[in-house]
Amino acid sequence: MLRNLFNRGSAEPNRAGATTLTGPRIPRHSSGWTALLKYLQEQSNLRVLDIGPTSSQSINLLTGLGHSVYMADVVHESLNSSWILPPIEEGGEPRFDAAGFFDQNLKFGNREFDVVLLWSTLDYIPEGLVQPLTEHLRDSVLRGGMILATFHAKKTGPNTSFCRYHLTKGNEVEMQQAEPHPVQRVFTNRNIEKLFAEYSNYRFFLAKDNLYEVLLTR
């Protein structure tokens with residue numbers, strides 16, 4: 001469910017069925033966040049969509065900068081089997097009820113966002129939701145708006161656990177392990193450019209921990 005947390009000092013308690021966070025917070029250098037933080041500090045009254053489990057630290061930082069915050073816990077809910085539809089033809093592939101999912105979890109109404117923190121969402125959600133979600137976001141991000149996304153270079157191995165990213169005032173984000181969802185796909189640069197074909201600019205930030213970041217401008 002999309003929640004508005006404008007000018008709140010802390011998050012509401014997790015609702016039933018929300019993602020459970022486990023383990024310590026581990027700091028990770030983030031060039032993408034460093035670049036986006038500078039933009040957030042220079043602007044005022046932006047509307048930010050933070051996709052992931054609730055983080056009171058992120059909410060406090062963003063609202064402290066004078067921005068509105070909306071949150072949606074997409075990965076956990078998208079893996080609920082109730083969103084799977086039967087194939088159109090016998091022997092075909094099952095389908096994903098993207099329209100129903102958006103209606104219950106990402107119903108933006110007439111809202112448009114200046115910034116979306118997508119994190120590693122696209123690595124974990126069902127295949128049938130990947131393209132619809134990027135199109136849904138495209139229609140809800142203002143021209144000149146930005147999306148920060150994180151991608152895994154490998155499907156298995158170190159640093160492939162599903163994590164919550166907690167924002168900081170510096171050049172790091174704090175990663176906290178959540179539920180053990182597997183990485184479902186690995187995106188190449190070309191895959192990403194095709195998914196976000198209507199965006200005007202892409203900035204790729206490489207790292208040594210099997211993760212890389214992309215800052216996209218609408």
Side-chain angles (χ1 to χ4, degrees), residues 1-8 10-19 32-33 36 39-40 43-56 58-80 82-85 95-151 162 164-165 167 192 194-202 214-218:
M1 180 181 296
L2 186 71
R3 293 193 291 150
N4 180 2
L5 295 161
F6 173 65
N7 279 344
R8 290 184 55 103
S10 61
E12 298 174 3
N14 281 353
R15 60 188 173 86
T19 303
W33 167 241
L36 185 57
Y39 175 73
L40 290 166
Q43 306 296 319
S44 60
N45 299 318
L46 299 183
R47 186 173 282 170
V48 181
L49 173 62
D50 187 0
I51 296 180
T54 298
S55 169
S56 58
S58 297
I59 294 166
N60 290 340
L61 188 151
L62 293 168
T63 56
L65 292 172
H67 306 307
S68 304
V69 184
Y70 294 78
M71 303 197 74
D73 191 357
V74 170
V75 172
H76 176 88
E77 179 60 25
S78 72
L79 297 174
N80 187 323
S82 65
W83 299 111
I84 303 300
L85 299 175
R95 298 168 296 138
F96 189 90
D97 183 10
F101 182 82
F102 294 146
D103 187 59
Q104 289 196 28
N105 297 278
L106 289 172
K107 192 172 185 178
F108 299 145
N110 294 321
R111 298 185 189 93
E112 293 181 299
F113 298 97
D114 301 282
V115 172
V116 176
L117 299 167
L118 184 59
W119 303 118
S120 56
T121 300
L122 297 181
D123 287 353
Y124 295 98
I125 59 176
E127 184 65 34
L129 184 58
V130 173
Q131 185 72 41
L133 178 58
T134 56
E135 293 174 357
H136 193 60
L137 292 176
R138 177 200 64 202
D139 295 338
S140 302
V141 175
L142 290 163
R143 290 285 180 182
M146 295 184 178
I147 292 181
L148 176 61
T150 303
F151 297 92
F162 176 56
R164 177 46 163 144
Y165 295 79
L167 302 176
I192 295 167
K194 288 178 66 177
L195 272 175
F196 296 94
E198 295 186 30
Y199 285 66
S200 63
N201 188 48
Y202 314 83
V214 185
L215 189 59
L216 303 119
T217 303
R218 178 79 168 89

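Position 1 is the first residue of the sequence; numbering continues from there.
- Pairing each heavy atom of Leu215 with each of Gly32, the nearest pair is CD2-O, 4.4 Å.
- Rounding to the nearest 0.5 Å gives a distance of 11.5 Å between OG of Ser56 and CG of Leu61.
- A 4.5 Å side-chain heavy-atom check between Pro132 and Phe102 finds at least one atom pair inside the cut-off.
- Of all non-hydrogen atoms in Tyr39 and Gly144, the two that sit nearest each other are OH-O, 4.3 Å.
- By the ring-ring contact (aromatic ring centres under 6.0 Å, His included) test, Tyr202 pairs with no residue at all, sequence neighbours left out.
- Interatomic distance, Leu122 CG to Thr134 OG1, rounded to the nearest 0.5 Å: 7.0 Å.
- Residues satisfying the salt bridge (charged side-chain N to carboxylate O under 4.0 Å, His left out) criterion with Asp123, sequence neighbours excluded, are absent altogether.
- Under the ring-ring contact (aromatic ring centres under 6.0 Å, His included) criterion, Tyr199 pairs with Phe196, sequence neighbours left out.
- Here the CG atom belonging to Leu129 is positioned 9.5 Å from the OG1 atom belonging to Thr121, to the nearest 0.5 angstrom.
- Annotation: side chain to side chain donor-acceptor pair (under 3.5 Å) contacts of Asp139 (sequence neighbours excluded): none.
- Tyr165 pairs by the ring-ring contact (aromatic ring centres under 6.0 Å, His included) definition with Trp119, not counting sequence neighbours.
- Between the side chain of Trp83 and the backbone N or O of Glu77, at least one donor-acceptor pair lies under 3.5 Å.
- Remark: side-chain polar atoms of Asp114 are paired, donor with acceptor, to backbone N or O of Arg47 under 3.5 angstrom.
- Smallest separation of non-hydrogen atoms from Arg218 and Arg143: NH1-NH1, 3.2 Å.
- In this structure, Phe113 and Tyr70 have perpendicular ring planes: the angle between them is above 60°, well past the 30° mark.
- The salt bridge (charged side-chain N to carboxylate O under 4.0 Å, His left out) search around Arg138 returns Glu198, not counting sequence neighbours.
- Inter-residue side-chain proximity for Leu46 and Leu65 is flagged as unmet; no heavy-atom pair is nearer than 4.5 Å.
- We find the CG-CG distance between Leu118 and Asp50 to be 10.0 Å, quoted to the nearest 0.5 Å.
- At a threshold of 4.5 Å between non-hydrogen side-chain atoms, the residues Asn105 and Val74 do not count as touching.
- When all heavy atoms of Gln131 and Leu195 are compared, the closest pair comes out as OE1-CD2, 3.3 Å.
- A donor-acceptor pair under 3.5 Å links the side-chain atoms of His67 to the main chain of Leu40, judged by distance alone.
- Ring centroid separation for the pair Phe108 and His136 comes in under the 6.0 Å cut-off.
- A pairwise comparison of heavy atoms in Pro126 and Phe96 identifies CG-CE1, 3.8 Å as the closest pair.
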Side chain to side chain contact (heavy atoms under 4.5 Å, CB included) between Leu216 and Val141: does it pass, once the steps are laid out?
-> CA-CA 11 Å; Leu216 303 119; Val141 175; over 6 Å; no
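- Using a distance-only test at 3.5 Å, with no hydrogens or angles considered, no donor-acceptor pair links the side chain of Thr217 to the main chain of Ser200.
- Taken from CG in Leu49 to CZ in Arg111, the straight-line distance is 10.0 Å, to the nearest 0.5 Å.
- Separation of atoms CD1 (Ile125) and OG (Ser120) is listed at 10.5 Å; rounding is to 0.5 Å.
- Distance alone, capped at 3.5 Å, is enough to place a donor-acceptor pair between the Ser58 side chain and the Leu167 backbone.
- The shortest non-hydrogen separation linking Val75 to Ser78 is O-OG, 2.9 Å.
- Contact check on Asp73 versus Arg164 returns no salt bridge, with no Lys/Arg side-chain nitrogen under 4.0 Å from an Asp/Glu carboxylate oxygen.
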